[in-house]
Trainee: 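Here it is, the structure in full.
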Amino acid sequence: MTSTRPFIPAGTPLPGLYIVATPIGNLGDITLRAIAVLQGATLVACEDTRVTGKLLKHLGIKARLQRLDDHASPEVRARIIDAARQAPVALVSDAGTPLISDPGYRLVREARAAGVTVTSIPGPCAAVSALAMAGLPSDRFLFAGFLPVKDKARTETLEALAPVAATLVFYEAAPRLERSLRAIAELWPTREVAVARELTKLHEECRTGTAASLEEHYAAHPPKGEIVLLIGPPGADEAPVQDADALLREALAEGGPGKAAGIVAKATGIDRAKLYARALELKGA
Ligand code: SAM
C-alpha cells in the first residue's frame, strides 16, 4: 500500500472540505481518519444537527454544527465554502457516505469550482456493504438510489433498467419492500434478488432468492428497519431480446446487424445470435 498521506493525520487537518463517512448503524465502524478530521474541523456541515450532535457526543468531540440539507440556500453553501478556504470543514450525513442518496452534491461541486480542496474520508456505505455480502455478481453494478413510490413509476424505472448487464442496487423502505418485490417478480421472474437488511446492526440479514420467493417470505414476516434491494443481471437466456430494441436501433444507425448485435451483446449480456436475429427483424421492419 503506498500513500502520501499519513495513516492518521497528525495535528489539525489542512484547510479544505472533508467528506466524512459515518456509521450506518454500528458505531464501531467510525474510522480513525474520520475521528481525526471531526476533531480538527472548525465547522461540521450536517444533514440534521441532532443526529450528528449525538454521534459527536459519543466520540467526545465538540464542534460547531451547520445544517446542510437538500433545501440549503446558495448563501449557506457559500459560507461553508468560505470557511473551508480558511480551515478544515467536514461534511457528514445522518449515516453512511454523504452524497450517496444524501445531501452534499451541490456543495462539493461548488467547492471544487471555487478551487477549495475536497477530500473524501471513506467509510460505511449501505449500497457497497450489501453488494459485498449478497453473493450477486459484483464486477459491474448500477446504484439507482430509491425506487419510485408509485407503482407505475416504479415499473417504468425497472423497465428502463432491463437491458443493463449489471447488478442493480436500490435503497428501499421496509413498508414498500413487498410491492417492489411484486413488481420485480412480474418483470423478471427468474432473476436472483437479494434483500440486505439492518446492515451492521443486531438483526442484520441478507436473504436471496427469486423476487416471488422473497415476497412470500416478507408477506409472512413483515420486514423492519433499513433495506438495500439488489437484482442480479439478466442471464444470457433470461432477458427478452426485445428489452434491447432501443439499444439495437441506436447501434443499427451506425452499422450493420452483425456489428450492432456485437455491441449490444457486450453491453447487455444478451446472447449475440439472438440479437443478430432481432437486428435483422428490426432492419426489415
Ligand atoms: N448515504 C447512506 C449510505 O452511504 O449508505 C444512505 C443514505 S439513504 C438516505 C438511507 C437508506 O440507505 C435507507 O433507507 C436504506 O435503504 C439504506 N441504508 C442505510 N443504512 C442501512 C443499513 N444499516 N442497512 C440496510 N440499508 C441501509
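Side chains are part of it too, since the values below use all heavy atoms of this structure and drop only hydrogens, waters and symmetry mates. Atoms within a ligand are numbered from 1 in the order they appear, just like the ligands themselves.
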Trainee: Out of all atoms in ligand 1, which are within 4.0 Å of some heavy atom of Y171? Include the element for each.
Mentor: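 The list of qualifying atoms is 3 (C), 4 (O), 5 (O), 6 (C), 8 (S), 11 (C), 12 (O), 16 (O), 17 (C).
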Trainee: Is there a polar contact, in the sense of an N or O pair closer than 3.5 Å, between D102 and ligand 1?
Mentor: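 Yes.
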Trainee: Any idea which heavy atoms bring P13 and P88 closest together, and the distance?
Mentor: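 It is O-CG, 3.3 Å.
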Trainee: Using heavy atoms and a 4.0 Å limit, tell me yes or no: is F146 in contact with ligand 1?
Mentor: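 Within the 4.0 Å threshold, so yes.
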Trainee: Under a 3.5 Å threshold, yes or no: a donor from one side chain and an acceptor from the other, between S93 and D102?
Mentor: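 Yes, D102 and S93 have a side-chain donor paired with an acceptor closer than 3.5 Å.
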Trainee: Does any donor atom in the side chain of S180 or R154 lie under 3.5 Å from an acceptor atom in the other side chain?
Mentor: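 Their side chains do contain a donor-acceptor pair, which is all the 3.5 Å distance test asks for.
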Trainee: Are F143 and F170 near enough that their ring centres are under 6.0 Å apart?
Mentor: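 They do not qualify: ring centres at least 6.0 Å apart.
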Trainee: Starting at CG of L187, measure out to CD of E159 and round the result to the nearest 0.5 Å.
Mentor: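 With rounding to 0.5 Å, CG (L187) is 5.5 Å from CD (E159).
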Trainee: Consider every N or O of I24 and every N or O of ligand 1, then say whether any pair is closer than 3.5 Å.
Mentor: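 Between I24 and ligand 1 (N or O atoms, distance only) the closest approach is under 3.5 Å.
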Trainee: Using a strict cut-off of 4.0 Å, indicate which atoms of ligand 1 neighbour a heavy atom of G96.
Mentor: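 Going through ligand 1 atom by atom, the ones under 4.0 Å from G96 are 3 (C), 4 (O).
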Trainee: What part of A95, side chain, backbone, both or neither, has a heavy atom within less than 4.0 angstrom of ligand 1?
Mentor: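 Just the backbone.
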Trainee: Students should be able to answer this: which protein heavy-atom is nearest to atom 15 (C) of ligand 1, and at what distance?
Mentor: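 Going by distance alone, atom 15 (C) of ligand 1 is nearest to I227 O, 3.5 Å.
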Trainee: I'd like to know whether CZ of R179 has more than 12 heavy-atom contacts from other residues, nucleotides or ligands below 6.0 angstrom.
Mentor: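 Result for CZ/R179: open.
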Trainee: Numbering the atoms of ligand 1 from 1, which are under 4.0 Å from a heavy atom of I100?
Mentor: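 With I100 as reference, the close atoms of ligand 1 come out as 1 (N), 2 (C), 6 (C), 7 (C).
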Trainee: Under 3.5 Å, is there a donor-acceptor pair between the H217 and R207 side chains?
Mentor: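 Yes, a side-chain donor-acceptor pair sits under 3.5 Å.
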Trainee: Name the option, out of H203, K201, E226, that contains the heavy atom nearest to atom 21 (C) of ligand 1.
Mentor: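 Minimum heavy-atom distance to atom 21 (C) of ligand 1 goes to E226.
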Trainee: Counting only heavy atoms closer than 4.0 Å, does ligand 1 sit against the backbone of E172, its side chain, both, or neither?
Mentor: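 It is the backbone that touches ligand 1; the side chain stays farther off.
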Trainee: Based purely on interatomic distance, does A126 place a nitrogen or oxygen under 3.5 Å from a nitrogen or oxygen of ligand 1?
Mentor: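 Yes, since at least one N or O of A126 sits under 3.5 Å from an N or O of ligand 1.
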Trainee: Taking everything shown except E198 itself, do over 12 heavy atoms lie less than 6.0 Å from its CD?
Mentor: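 Enclosed.
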Trainee: Please determine if E204 and K201 form a salt bridge, counting it only when a charged side-chain N lies under 4.0 Å from a carboxylate O.
Mentor: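 No.
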Trainee: Starting at OG1 of T167, measure out to CD1 of I231 and round the result to the nearest 0.5 Å.
Mentor: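 Taking OG1 in T167 and CD1 in I231, the distance rounds to 9.5 Å.
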Trainee: Between S101 and ligand 1, is there a nitrogen or oxygen pair with a distance under 3.5 Å?
Mentor: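 N/O-N/O distance under 3.5 Å: no.
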Trainee: So, regarding T97 and ligand 1 (criterion: nitrogen or oxygen to nitrogen or oxygen, under 3.5 Å), is there a contact or not?
Mentor: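 Min N/O separation from ligand 1 is below 3.5 Å for T97.
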Trainee: N/O of L199 under 3.5 Å from N/O of ligand 1, yes or no?
Mentor: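 It does: an N or O of L199 is found under 3.5 Å from an N or O of ligand 1.
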Trainee: Side chain or backbone, does T200 bring an N or O within less than 3.5 Å of an N or O on ligand 1?
Mentor: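 No, since none of the N or O atoms of T200 sits under 3.5 Å from an N or O of ligand 1.
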